[in-house]
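Below, chains carry the letters A, B, ... as their sequence lines are ordered, and counting in each starts from 1.
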2 protein chains.
Amino acid sequence: MMNSLPECSVDLIFADPPYNLQLRGDLHRPDNSKVDAVDDHWDQFNSFAAYDSFTRDWLKAARRLLKPDGAIWVIGSYHNIFRVGAALQDAGYWILNDVVWRKSNPMPNFRGKRFTNAHETMIWASKAEGAKYTFNYEALKALNEGVQMRSDWVLPICNGGERLKDDNGDKAHPTQKPQSLLHRVIVGSTNPGDVVLDPFFGTGTTGAVAKMLGRDFIGIEREDAYRKVAEKRIADIRPYDNSALQVSTSKRAEPRVPFGQLVERGMLRPGEMLMNARGQMAKVRADGTLVGDGITGSIHQVGAKLEGAPSCNGWTYWHFKREGKVVPIDVLRQQIRADMQ
Amino acid sequence: MMNSLPECSVDLIFADPPYNLQLRGDLHRPDNSKVDAVDDHWDQFNSFAAYDSFTRDWLKAARRLLKPDGAIWVIGSYHNIFRVGAALQDAGYWILNDVVWRKSNPMPNFRGKRFTNAHETMIWASKAEGAKYTFNYEALKALNEGVQMRSDWVLPICNGGERLKDDNGDKAHPTQKPQSLLHRVIVGSTNPGDVVLDPFFGTGTTGAVAKMLGRDFIGIEREDAYRKVAEKRIADIRPYDNSALQVSTSKRAEPRVPFGQLVERGMLRPGEMLMNARGQMAKVRADGTLVGDGITGSIHQVGAKLEGAPSCNGWTYWHFKREGKVVPIDVLRQQIRADMQ
DNA sequence: GCGGACGTTGAATCTCAAC
DNA sequence: AGTTGAGATTCAACGTCCG
């Protein structure tokens, strides 16, 4: 299926492949109830070599489908994630982060023989070293109460009303992922209108969240039963309003304003003096360069020289006087940007 | 060196191999200061293939040294851990858990281009599928406020007084690990008298903690400078009293607070004496239990026994001495809570 | 002696458009 | 494909200094 799609056509791939759990026999809880394990035929592989071969095949197909600036997320556990990670690197992907999903309510280890398996690992990778990729830094920072999002995410597992059930009331899929996880992945690494591919679609969590968030999606799923559940589920989803999909953006995304425009527009007069926090002065020239202390150049260059620093943001470094108050020149840039809208 | 040691002779291997970081160029903080990167020659490999070859060699040598019931821990980051994990599985080791060290104070991502790299991954594996291994379940549970220890551990990075400095006041090793991490590994997967091998000894954190905890150790380190620091460091270590090394082996009531973390973090030494308001004393043990007046148990249990009361808040009941002052242990809990936010 | 201000630092694969 | 230059970008823990 993947090989029948056009190359360089998707912005994001989210993949939740079989984990190759290699479970032996049944597991019972201390109260003697039996644990409903993942023993489906699609999780059976004869050897690590067979699993590796499967992994390398789909990763190769996935990479062909990715746009040059696209990215992939893969989720797994210790059973498979090391093989997946090595295969990703070998296929030419460039790992950007590994992210730990720390489950707030994991299943305990009933026998007391190991640690509670309380997390799963996701790998986030771009198509190649040096490739561009989408990262909505400010939006994720906003999701995290104003501090930079970390590589460990604390989220509950999927249960309650979100957990899809079949006609018998049993869970429709053994490893349904929480929507909160996909929400963070999709908000963080796509923009509205982007195309998201999930090659192990299952009951369609990726598609459901993509649709809610105004992203297009492609889902591939081999099992009829899962596909039917996914189709019904996604048909019931109503996308959020367009206005709700706008997220915080970084300053980098804002239009560039040359300092010279401030002079051209008469916001600063040639000959006017700017000052830094230490009270050092520089004179504005008609072409938008500064002169101060025998140094000539852009607002950034003169600031960097004065500080002996490798670089300097002149917009926040330099100040001017208006009605007795000292104001950073960045407020003038804000005015121009407001005018431009 | 490893191949010169007798086979099947060590109980535990802790390995902190080079991560193969592949850094390009310098990185500056927003305040223009330069990040002191890990650019040491020992972390340079020409390719993934070279790193894999190195990894498979030492993992093979390590497996020969392990007793049949021994275990290995390896720590790494996304740069190398997937290759290490796959090589472990290919070499015949059997992964028991992957454990995430969630750093309470990681270095941020200064350019806002990725997630804060806030964790490292450890892999815990036995020598082969079905092999026995040591797991002090109750001791770890006691260290974790009476609930089963999870696969994610929140611990601070190594800094402050614990961080070893050279004669210039610079850090003696760029990647020194915190003792709290080794404390948990060694208490959890060895018994007193066991032999611990660290084939990438560095400045000897593994040896220091092993010695404190009454385990024997072997350290291998190529760099003279690190070895010298390690030798001096370990010579200054005083092992805890034998009685403090006894850990819980039977079920007991659950304490409501993680007193054991005070020991792991070195805020209280195993063997240190606590006192109540009447001047009665109790000794702290390595797993966070107390022993005093013939009574053993949690801080709450021992307090309750001494008072003949049905219950007791050990946090306010017990006190310790610092610089001549008697302070309730609750102040240490406050510090940890502040760290964990 | 205490508290607040300020400076330093930690395993980091850390920019990007225009020329 | 390489170079240039604008200009965007950090969190928690410690240690020191000063009032």
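Within 4.0 Å (heavy atoms only), B:E120 reaches at least one base atom of the nucleic acid. Among the protein residues, A:S311 comes within range of the nucleic acid bases, having at least one heavy atom under 4.0 Å from a base atom. B:G25 comes within 4.0 angstrom of a base, heavy atoms only. Among the atoms of the strands shown, none is found under 4.0 Å from any heavy atom of A:F259. Across all strands shown, B:C158 has no heavy atoms under 4.0 Å from either base or sugar-phosphate atoms. Contacts of A:W94 with the nucleic acid, taken as non-hydrogen atoms under 4.0 Å apart, include base atoms. Across all strands, A:K141 comes closer than 4.0 Å only to sugar-phosphate atoms, never to a base (heavy-atom distances). Here A:R333 lies in heavy-atom contact (under 4.0 Å) with sugar-phosphate atoms only.
When each of C:dA17, C:dC14, D:dA8 is scored by its nearest atom to the side-chain atoms of A:K132, the top-ranked nucleotide is C:dA17. Distances from the side chain of B:A37 to the nucleotides C:dA12, D:dA6, D:dA8 place C:dA12 closest. Side chain of B:M107, nearest nucleotide from C:dA12, C:dA11, D:dG7: C:dA12. The side chain of A:Q301 sits closest to D:dG5 out of C:dA11, C:dA12, D:dG5. Nearest nucleotide to the side chain of B:I157, out of D:dA8, C:dT9, C:dA11: C:dA11. The side chain of B:T175 sits closest to C:dA11 out of C:dA11, C:dT13, D:dA8. The listed nucleotides are D:dG7, C:dC14, C:dT9; the one nearest the side chain of B:S33 is C:dT9.
For D:dA8, its base sits under 3.5 Å from the side chain of B:R111 at one donor and acceptor pair at least. For B:R114 against C:dT13, a side-chain-to-base donor-acceptor contact under 3.5 Å is present. Residue-to-nucleotide contacts include no donor-acceptor pair under 3.5 Å from the side chain of B:K113 to the base of C:dA12.
Listed pair A:S298 / D:dA6 meets the phosphate criterion, a side-chain N or O lying under 4.0 Å from OP1 or OP2.
When both distances must be under 3.5 Å, the Watson-Crick or G-U wobble mate of D:dG7 does not exist.
By the 30° and 60° cut-offs, the orientation of the rings of B:F115 relative to A:F135 is perpendicular.
The CD atom of A:Q261 sits 5.0 Å away from atom CD1 of A:I336, with the distance rounded to the nearest 0.5 Å.
In this structure, the ring of B:Y226 has its center less than 6.0 angstrom from the ring center of B:H173. Taking the six-membered ring for Trp and the full ring otherwise, B:W153 and B:W101 have centroids separated by 6.0 Å or more.
Cation-pi contact between B:R222 and B:W42: absent, since separation from the ring centre below 6.0 Å together with deviation from the ring axis within 45° is not met.
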